[in-house]
Visitor: 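Can you read through this structure? Questions will come right after.
Each chain gets a letter, A, B and so on, in the order the sequences are listed, and its residues count up from 1.
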Amino acid sequence: MIPDKFLKPYNPQETEERIYNLWEESGFFDPNSLPTERYTQSTTIPLNAKRFSIVMPPPNVTGVLHMGHALMLTLEDIMVRYKRMRGFKTLWLPGTDHAAIATQARVEKDIYKAEKKSRHDLGREEFLKRVEAFAKESHDTITSQIRVMGASCDWSREAYTLDEKRSLAVRTMFKMMHDDGLIYRGHRIVNWDPKGQTTISDDEIVYEERKTKLYTFRYSKDFPIPIATTRPETKLGDVGVAVHPDGKWKQYIGQTFEIPDFAGISLSIKIVGDSAVDPEFGTGAVGLTPTHSFTDWEIAGKHNLNKELVVINERAKMTDKAGPHSGKKVAEAREAVVAWLKTEELLEKEEEVAHNIATAERTGGVVEPLPKLQWFINVNEPIAEREGKTLKDLMREAVQSGDIKILPDHFEKIYFHWIDNLRDWCISRQIWYGQRIPVWYRKKAKGKNQNAKLEEEEIYVGVEAPEETGWEQDPDTLDTWFSSGLWTFSTLGWPEKTKDLEMYHPTDVLETGYEILFFWIARMVLMTKYALGSVPFRTVYLHGTVRDGQGRKMSKSLGNGIDPIDVAKKFGTDAGRMALIVGNTPGTDMNISEDKIRGYKNFANKLWNIARFVVENTKGEALEEGFSGYTERDAKLREERHAMFIDVTKDMEAYRFYMAAEKLYHDAWHTFADKILEESKKILKSGTPEEQKSRRQLLLHTLDKLLRALHPFIPFVTEEIWQLWKQPSAKDGMLMVAEWPISESL
RNA sequence: GCGCGGUUAGCUCAGUUGGUAGAGCACUCGAUUUACACUCGAGAUGUCGCAGGUUCGAGUCCUGCACCGCGCACCA
């Protein structure tokens, strides 16, 4: 009568993998395979019908899952399981991200450690083989770990940002944007990472505050304006000085000073007036180094100053333009210039200041601004097909109009602020692992002249390579966020017009960490509004960072990390999921400790014993639909549960999962178990037959509904109890596809 | 510099539209062998950062301040 299993404590280790396999083999992760009677009748294209879709933010194939992934997977699985139980044809599409620069950097490091070889020693082809092997292994680990988390995603639709279909989408998008004049190749100052030997976007920069020296000097004895700088070595590339048009130096505007000897080279310094200069700050004048400073490049452009004088190269060494300093590292050149200024008595002041230096997010290299020929996306170009709006406009209006809602909503302000400050997006990278830029070049003799010096370059931009010979593809790859930007629709089959695309796009929710709001969310809005004219998702749910018990970031060096797979082994996935959800509001960082997780392991066992009690005390009696013989007391208890479920459903609809989880936890443990089960002991022992019958039905009813409501949060233990208790004869009887405890639509 | 968030019980945090402060952990006392020791019952603990204001009533709304954290910009 009572399954023996109930006589022992709940054992997640024995249960979870078996239950996951049961779900996966049922095929119900694929919305097309959901039981027809509940799911397909009401669902037709186009998609005003009951369907729900989430595309999983693809974990990077750089290693293993961490607690942040566990939180993401739990939140998404809760939404997906909830909607599925509510009768929505539900798709959760999983995938992984090649994470170009991150993966390449990781593999380069490994290879260097083991073999003392660089990627150049191996060559492009061999190196890519190594990266792919690493990515494959990492992928396999990650996808099996996603299964351990209980994620009910549709593996039959799994995607990779670098697989064939996604590559086609990327090339198609590149061509479209190029044809519309949104992608251009330009010689501009970019962020160069000397360590990674590649350009990076503005968003890939991390500022670090360091102490540095601020030097105030003059180019020569008779130069009238003192100049301050933290980088004396770049002054070898100065072509001018900018002062405020109405400031104290305005009398010099328009003059050019020839400096025959500045630390061994000659300079020609023109004084220009520009309102970008703050007359109150520093000396009220800025030495202009157009090739090694973003603002100087802009100012130089406005005043037609020389933008060719490059004194630092890609290896962060001085070029031959630096005269006697040529070949020196920047730090050495800095010392040399400072020493020279001292000897010549041109150094007026030397002070210690706190200074933000730009470093590359992935490699930690100190970013060197350099002018280079790169590919960019123009965010300020009006697009004819989009009513003359710019990409910035499209990003802004998607949120302004309310088509996209961001939770918590204060991130909307941060989003707008970012757009306001956005510059053209540099999308070309000098790394090997990634989407190769779909551009080909061919040298062509100009006119009839056969002189090789008069060749000009032809450019071909296409989805496929040109058929004629003689073309060479651009060696660069695309910023990984270019392919990520297409994720919601490239995964559904775009550029083909697939049924999936029609059915599941726009997706309903994009759930991810707030730290990639700009990197990813904004880029998805950009790409989707441009390519499809629609938004990629309706709601953005941003979760916070998972920290340790004391609120510290989890890190390898601190050794305070909690591994979600260890949690699953030690306490069960359900316990870990519950611990991540209760008390976790969107946008707020949360702390998690083993103590907290242990508490929810106990909860799973509590639920297990509640079920045991109910099964033991109802002796095989079935739950009777429409039973009407409840006593007054039991009818009231039933009503209270119903009200609680309505309350919880409202929380679910409003994305208050932390609250729904806590209410269910409290109701199951401290009301159902502590009060209702306790008083049932007396009733079932000494009540009238009517009272006993009523109470048995109440117990069956309440357990049934509680299991349903708790399933999205703790899917394994609820399904296991359900299977043991109900012993469904067909897979349709699984809790995973059972109805949510209430049917009211709220 | 501009902007955002936080400040509530010893700890970690909830508190949806203003109506006599909540949870988990920790703590104290007690219970118990037929659902569960991965247990049960009882209990203690907070001038809700500070100062004003609006209101019959403020943890909740408004203003100012302090401290902590974050984003962006500047970074000559």
Side-chain angles (χ1 to χ4, degrees), chain A residues 2 6-12 202-203 207 209 212 214-217 225-231 234-235 238 241-243 276-278 281-289 293-296 299 353-358 408-418 420-422 514-515 517-518 544-545 547-551 571-572 575 578-579 582-585 587-617 647 650-651 654-656 658-659 661-663 665-666 669-670 673-674 677-678 680-681 699:
Chain A
I2 304 147
F6 274 136
L7 301 177
K8 283 181 260 167
Y10 173 62
N11 179 356
D202 294 346
D203 298 288
Y207 289 97
E209 193 174 291
T212 189
L214 179 68
Y215 302 93
T216 306
F217 72 100
I225 310 171
I227 300 295
T229 183
T230 54
R231 302 200 57 191
T234 64
K235 300 293 105 184
D238 278 14
V241 165
V243 300
V277 179
D278 179 354
F281 189 86
T283 65
V286 183
L288 295 174
T289 322
S293 153
F294 278 86
T295 42
D296 294 4
I299 295 174
V353 292
H355 183 74
N356 283 333
I357 63 155
D409 59 5
H410 69 257
F411 277 99
E412 293 184 357
K413 281 186 192 166
I414 298 174
Y415 174 86
F416 292 133
H417 190 237
W418 176 81
D420 292 341
N421 288 301
L422 187 62
Y514 61 73
E515 69 277 3
L517 179 62
F518 311 139
T545 308
R547 296 165 180 275
D548 75 0
Q550 283 110 58
F571 305 105
M578 203 66 182
V582 174
N584 183 3
T585 50
T588 310
D589 292 353
M590 64 137 1
N591 301 350
I592 194 158
S593 59
E594 288 212 346
D595 280 344
K596 189 171 180 188
I597 301 168
R598 189 174 297 111
Y600 293 106
K601 178 181 193 282
N602 297 351
F603 177 58
N605 191 55
K606 187 71 185 179
L607 199 62
W608 184 254
N609 282 290
I610 288 171
R612 175 178 161 186
F613 179 90
V614 172
V615 171
E616 274 180 351
N617 287 283
D647 208 24
K650 283 180 186 162
D651 289 334
Y655 303 94
R656 291 190 298 259
Y658 58 99
M659 226 172 205
E662 194 177 330
K663 282 175 186 164
Y665 171 94
H666 198 267
W669 197 319
H670 300 297
D674 290 350
L677 258 49
E678 284 306 317
S680 298
K681 289 175 184 171
L699 294 179

Visitor: Without decimals, in angstroms, what is the distance between A:Tyr655 OH and B:A14 P?
Guide: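 It is 21 Å, rounded to the nearest whole Å.
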
Visitor: Does A:Ala604 reach a base, just sugar-phosphate, or nothing at all? Heavy atoms under 4.0 Å.
Guide: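 If one applies the 4.0 Å heavy-atom cut-off, A:Ala604 turns out to touch nothing in the nucleic acid.
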
Visitor: Mind checking A:Asn421 for me? I need base, sugar-phosphate or nothing, with any heavy atom below 4.0 Å counting as a touch.
Guide: sugar-phosphate

Visitor: Any heavy-atom pair between the side chains of A:Leu699 and A:Val614 that's under 4.5 Å?
Guide: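 They are in side-chain contact.
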
Visitor: Measure CG/A:Asn11 against P/B:C36 and give the value in whole Å, please.
Guide: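 So the CG-P distance, A:Asn11 to B:C36, works out to 18 Å.
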
Visitor: Hey, which of these two, A:Gly599 or A:Phe411, hits RNA chain B nearer its 5' end, going by closest nucleotide?
Guide: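 That would be A:Phe411.
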
Visitor: Under 4.0 Å, counting only non-hydrogen atoms across every strand here, what does A:Arg612 touch: a base, just sugar-phosphate, or nothing?
Guide: sugar-phosphate

Visitor: Respond yes when some side-chain nitrogen or oxygen of A:Thr230 is under 4.0 Å from OP1 or OP2 of B:A76, and no when none is.
Guide: yes

Visitor: Between B:C70 atom P and A:Tyr415 atom OH, what is the distance in whole Å?
Guide: 25 Å

Visitor: Which base, if any, makes a Watson-Crick or G-U wobble pair with B:U63, both distances under 3.5 Å?
Guide: B:A51

Visitor: Does A:Tyr658 reach a base, just sugar-phosphate, or nothing at all? Heavy atoms under 4.0 Å.
Guide: sugar-phosphate

Visitor: A:Val277 near the nucleic acid: base, sugar-phosphate alone, or nothing, with a heavy-atom cut-off under 4.0 Å?
Guide: base

Visitor: Determine whether the aromatic ring centres of residues A:Tyr600 and A:Phe571 are separated by less than 6.0 angstrom.
Guide: no

Visitor: With a 4.0 Å cut-off on heavy atoms, is A:Thr585 in touch with a base, just the backbone sugar-phosphate, or nothing at all?
Guide: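 Since only primed, P, OP1 and OP2 atoms lie under 4.0 Å of A:Thr585, the category is sugar-phosphate.
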
Visitor: Just checking A:Asp674: base, sugar-phosphate only, or nothing, at a heavy-atom cut-off of under 4.0 Å?
Guide: sugar-phosphate

Visitor: So A:Tyr514 and A:Phe411, would you call those rings parallel, tilted or perpendicular, with 30° and 60° as cut-offs?
Guide: parallel

Visitor: Using Watson-Crick or G-U wobble geometry with both distances below 3.5 Å, tell me the partner of B:G3, or none.
Guide: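 Paired with B:G3, as far as the under-3.5 Å criterion goes, is B:C70.
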
Visitor: Within the pair A:Asn602 and B:U39, is there a side-chain N or O less than 4.0 Å away from OP1 or OP2?
Guide: yes

Visitor: Touch check for A:Ser593, heavy atoms < 4.0 angstrom, all strands: base, sugar-phosphate only, or nothing?
Guide: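 No contact.
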
Visitor: Hey, which sits more toward the 5' end of RNA chain B by its nearest nucleotide, A:Phe613 or A:Asn605?
Guide: A:Phe613

Visitor: Grab the CG-C1' distance between A:Asp420 and B:C2 for me, whole Å please.
Guide: 12 Å

Visitor: What is the separation between atom NZ on A:Lys606 and atom P on B:C38, rounded to the nearest whole Å?
Guide: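 Computing the A:Lys606:NZ to B:C38:P distance gives 12 Å.
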
Visitor: Whole angstroms only, please: what is the NZ-P distance between A:Lys663 and B:A14?
Guide: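 Nearest whole value for this atom pair: 15 Å.
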
Visitor: Under 4.0 Å between any heavy atoms, over every strand shown, what does A:Thr588 touch: base, sugar-phosphate, or nothing? Just pick one.
Guide: sugar-phosphate

Visitor: It should be established whether A:Trp669 places a side-chain nitrogen or oxygen under 4.0 Å from OP1 or OP2 of nucleotide B:G24.
Guide: no

Visitor: Would you indicate what A:Lys681 reaches in the nucleic acid, counting non-hydrogen atoms under 4.0 angstrom: base, sugar-phosphate, or nothing?
Guide: base

Visitor: Rounded to whole Å, please give me the gap between NE2 in A:His410 and P in B:G5.
Guide: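 These atoms are roughly 6 Å apart.
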
Visitor: Roughly how far, to the nearest 0.5 Å, is the CD1 atom of A:Ile597 from the CG atom of A:Asn602?
Guide: 12.0 Å

Visitor: For the atom pair CG (A:Asn591) and CZ (A:Arg547), what is the distance rounded to the nearest 0.5 Å?
Guide: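 Rounded to the nearest 0.5 Å, the CG-CZ separation comes to 7.5 Å.
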
Visitor: Regarding A:Leu214, tell me which of base, sugar-phosphate or nothing describes its non-hydrogen contacts under 4.0 Å with the strands shown.
Guide: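 If one applies the 4.0 Å heavy-atom cut-off, A:Leu214 turns out to touch the sugar-phosphate alone, with no base involved.
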
Visitor: In terms of side-chain heavy atoms of A:Ile610, which of B:A35, B:G71, B:A14 is nearest?
Guide: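 Selected nucleotide: B:A35.
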
Visitor: Who does B:G22 pair with, Watson-Crick or G-U, both distances under 3.5 Å?
Guide: B:C13

Visitor: Are A:Lys650 and A:Asp647 ion-paired here, with the side-chain N under 4.0 Å from a carboxylate O?
Guide: no

Visitor: Do side-chain atoms of A:Thr283 reach the backbone of A:Pro226 as a donor and acceptor pair under 3.5 angstrom?
Guide: yes

Visitor: A:Gly583 near the nucleic acid: base, sugar-phosphate alone, or nothing, with a heavy-atom cut-off under 4.0 Å?
Guide: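 A:Gly583: backbone/sugar contact only, no base atoms under 4.0 Å.
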
Visitor: Quick one: is A:Lys413 getting a side-chain N or O under 4.0 Å of the B:C4 phosphate, OP1 or OP2?
Guide: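 Checking A:Lys413 against B:C4: at least one side-chain N or O falls below 4.0 Å of OP1 or OP2.
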
Visitor: OP1 or OP2 of B:C74 less than 4.0 angstrom from a side-chain nitrogen or oxygen of A:Asn356, does that happen here?
Guide: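 Result: no.
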
Visitor: Just name whichever nucleotide pairs with B:U39, Watson-Crick or G-U, keeping both distances under 3.5 Å, else none.
Guide: B:A31

Visitor: Please report the distance, rounded to the nearest Å, between OH in A:Tyr514 and C1' in B:G71.
Guide: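 From A:Tyr514 OH to B:G71 C1': 10 Å.
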
Visitor: Could you tell me the Watson-Crick or G-U partner of B:A58, where both distances fall under 3.5 Å? Say none if there is no partner.
Guide: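 The base-pairing partner of B:A58, which may sit in any strand shown, does not exist here.
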
Visitor: For A:Ala673, report the nucleic acid contact type (base, sugar-phosphate, nothing); a contact means any heavy atom under 4.0 Å.
Guide: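 Counting heavy atoms under 4.0 Å across all strands, the contact made by A:Ala673 includes a base.
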
